[in-house]
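Shown next, in structure tokens, is the structure this report addresses.
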Amino acid sequence: MSTPPFSRRSFLLGAASLTTVPLLASCVGTGADGGAGGGTTALTLQSWIQDAGPKAALESVVAAFDGPPVTLNSVATEQFRAQLSTYLTSATPPDVLGWYAGSVANSYADEGLLLDVSDLWAPGGACANFSDALRALSTGADGKAIFVPQNYYWWSIFYKKSAFQQWGVQPPKTWDEFIALCDTLKARGIHPLTNGIGSTAWMSAGWFDYLNLRINGAGYHRELLAGKHSFEDPQVTAVLEQYARLVPYFHPNQTSWDAQQAVTPMVNNEAAMYLVGAFCTEYFPADQRDDLDFFSVPTIDPSVPSAEEAPTDGFFAAAGSQNPEGAKHLLSYLASAPAQQSFIEKSGSSNLPTSPDVDTSTFSPLVQKGITLLNETAEITQFFNRDSSDALQTTADAALTQFIANPSDIRGTQRQWQQAAQQVFSS
């Protein structure tokens with residue numbers, strides 16, 4: 001099930017290693033953002049966050065919860081993804097689980113596995129003042145709210161200002177200028193692009209998403225990911241033809257790196273640009289973060305309205321929770337402005353809050369620029385698996401890594417991709 005389309009203005013309205021860490025509550029206040037209530041049965045929060053900054057930030061935020069004791073379990077992302085169905089169907093599931101909004105949450109809601117949290121979105125609830133777009137994104141097909149969004153972020157092509165100045169180059173404004181910039185950098189022995197598609201193969205879909213958005217538009221992109229078009233369409237051929245032009249520009253180690261390791265050649269000025277989410281800022285040394293800047297993937301077809309990706313993260317609760325009121329109490333706290341502010345500040349990332357009550361005026365110039373980018377685009381999408389499904393993401397991982405290894409066989413990639421996708425949509 002694809003994410004319902006929504007406009008930039010409605011989206012931004014109000015939005016301006018296995019470890020187990022037991023965290024006991026401490027008294028910090030009262031009310032929806034930390035008051036007493038929700039029963040006394042201990043709660044379990046299952047998290048997929050592994051990056052050091054956000055992981056420590058979530059631990060700190062949960063430790064300040066003034067409610068039932070919470071045990072925070074943090075597992076690797078792919079392990080979490082593989083076990084999510086098992087978590088939710090267990091006789092004693094985790095009470096609250098961190099994940100993301102979109103088709104995956106909706107599909108579990110369709111199976112009756114997610115707790116109805118509509119009262120959190122009702123007047124007086126923790127999410128009552130969130131934007132209509134976030135409300136739509138957090139609502140299942142039956143009209144019940146099943147998700148609590150906590151933060152979102154933008155994708156763009158990131159680069160270091162000092163490196164561009166050293167090389168005497170400027171951010172491109174058109175697609176032709178972008179290709180010319182890549183040629184210039186490569187001729188100087190600099191890898192124009194970096195990526196990490198080793199253990200994070202899904203990163204290969206970032207370029208597919210943006211090329212599809214720039215060539216065919218957000219409407220076609222959503223429909224393709226919903227199974228309404230074939231991956232053998234000529235529109236997809238056009239996307240892969242442009243992707244094939246980029247393959248020679250990537251650092252050859254991209255297949256060995258994960259998303260975080262892919263910043264290393266940028267840190268060392270061996271690579272110039274990285275199409276990635278704003279979460280990448282925490283991957284850079286602290287003394288280089290102020291040097292980061294970004295530009296949007298340039299327009300390819302001027303007749304296609306602009307679109308940007310802005311994935312939304314947050315939490316849902318298991319329908320089988322042994323303490324549903326406590327789970328909703330924890331969700332209310334996590335949605336609160338103080339909790340969001342604390343998480344963003346302590347994580348070191350450039351994510352944006354979903355609560356309209358968080359003061360963003362002190363956020364960095366980079367984040368302010370990200371807010372402007374999303375405010376000025378015509379369309380907002382999320383990311384391949386968030387607008388489709390984890391199962392379809394697996395087909396993209398296989399198809400695109402194969403394509404990157406052999407970009408000359410576009411038709412073969414499309415044929416095999418469509419066969420795999422057809423199995424997903426017919427299952």
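Only heavy atoms go into these numbers, but all of them, side chains included; no hydrogens, no water, no symmetry mates. By convention here, the first residue in the shown sequence is residue 1.
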Are Thr44 and Asn73 close enough that some pair of their side-chain heavy atoms sits under 4.5 Å apart?
yes

Start with the C-alpha distance between Phe315 and Trp99, add both sets of side-chain angles, then the distance that settles ring-ring contact (aromatic ring centres under 6.0 Å, His included), and finish with yes or no.
CA-CA 6 Å; Phe315 305 89; Trp99 203 226; over 10 Å; no

Would Ser103 and Ser389 count as a side-chain hydrogen bond (donor to acceptor under 3.5 Å, both in side chains) if you check the C-alpha gap in whole Å, the side-chain angles of each, and the deciding distance to 0.1 Å?
CA-CA 6 Å; Ser103 63; Ser389 67; 5.7 Å; no

In terms of side-chain geometry, is the basic nitrogen of Arg386 or Asp313 positioned less than 4.0 Å from the acidic oxygen of its partner?
yes

Does the plane of the ring in Trp257 sit parallel, tilted or perpendicular to the ring in His251? Use 30° and 60° as the thresholds.
tilted

Salt bridge (charged side-chain N to carboxylate O under 4.0 Å, His left out) pairs, two or more places apart, involving residues 75-99:
Glu78-Arg81, Arg81-Asp390

Main chain of Pro311, side chain of Gln382: is a donor-acceptor contact present, judged purely on distance under 3.5 Å?
no

Report, as yes or no, whether the 6.0 Å neighbourhood of atom NZ on Lys144 holds more than 12 heavy atoms from other residues, nucleotides or ligands.
no

Is the Phe384 ring parallel, tilted or perpendicular to the Phe208 ring (thresholds 30°, 60°)?
perpendicular

Test item: Thr360 and Leu352 side chains (from C-beta on) under 4.5 Å apart, heavy atoms
no

List the residues meeting ring-ring contact (aromatic ring centres under 6.0 Å, His included) with Tyr87, not counting sequence neighbours, and say none if there are none.
Phe80

Full working for ring-ring contact (aromatic ring centres under 6.0 Å, His included) between His229 and Tyr220
CA-CA 8 Å; His229 301 289; Tyr220 178 87; 4.4 Å; yes

According to the ring pair (Phe, Tyr, Trp, His ring centres under 6.0 Å) rule, which pairs have a member within residues 396-416, sequence neighbours left out?
Tyr243-Phe403

Check: Val148 main-chain N/O paired with Ser138 side-chain donor or acceptor under 3.5 Å
no

Considering only NZ, NE, NH1 and NH2 on the basic side and carboxylate oxygens on the acidic side, decide whether Glu241 and Arg411 come within less than 4.0 Å.
no

Can you check whether Met203's main-chain N or O pairs, donor with acceptor, with Thr200's side chain at less than 3.5 Å?
no

If you define the side chain from C-beta out and look only at heavy atoms, does anything of Val61 sit under 4.5 Å from Tyr333?
yes

So, do Phe158 and Phe294 have ring centers that fall under 6.0 Å from each other?
yes

Would you please name every residue forming a salt bridge (charged side-chain N to carboxylate O under 4.0 Å, His left out) with Asp119, sequence neighbours left out?
Lys328

Sole candidate of Phe383, Trp207, Tyr274 that passes ring pair (Phe, Tyr, Trp, His ring centres under 6.0 Å) when paired with Trp155:
Phe383

Look at Glu379 together with Arg222 and state whether they make a salt bridge at an N to O cut-off of under 4.0 Å.
yes

So Gln402 and Asn406, side-chain hydrogen bond (donor to acceptor under 3.5 Å, both in side chains) or not? Walk me through it.
CA-CA 6 Å; Gln402 172 187 314; Asn406 183 17; over 6 Å; no

Could you list the residues that satisfy salt bridge (charged side-chain N to carboxylate O under 4.0 Å, His left out) with Glu309, not counting sequence neighbours?
none

For Asp290, I'd like to know if atom CG has over 12 heavy atoms of other residues, nucleotides or ligands within 6.0 Å.
no

Give the intermediate values and the outcome of side-chain hydrogen bond (donor to acceptor under 3.5 Å, both in side chains) for residues Thr377 and Ser306.
CA-CA 5 Å; Thr377 192; Ser306 65; 3.2 Å; yes

Anything under 30° is parallel, anything over 60° is perpendicular, the rest tilted; go ahead and classify Trp121 against Phe130.
perpendicular

Asp357 (side chain) donor-acceptor with Ala337 (main chain) under 3.5 angstrom
no

Okay, side chain of Asn195, backbone of Ile197: is any donor-acceptor separation there less than 3.5 Å?
no

Under the ring-ring contact (aromatic ring centres under 6.0 Å, His included) test, which residues partner Phe231, sequence neighbours left out?
Trp417

So, does Ser230 use its side chain to make a donor-acceptor pair with the main chain of Glu232 at under 3.5 Å?
yes

Side-chain touch Pro252/His191, heavy atoms, less than 4.5 angstrom:
yes

Do the side chains of Lys160 and Asp293 get close enough for a salt bridge, i.e. N-O under 4.0 angstrom?
no

Quick one: are Val297 and Leu275 in side-chain contact, heavy atoms under 4.5 Å?
yes

Intermediate values then yes/no, side-chain hydrogen bond (donor to acceptor under 3.5 Å, both in side chains), Gln414 and Gln418:
CA-CA 6 Å; Gln414 288 182 265; Gln418 178 56 26; over 6 Å; no

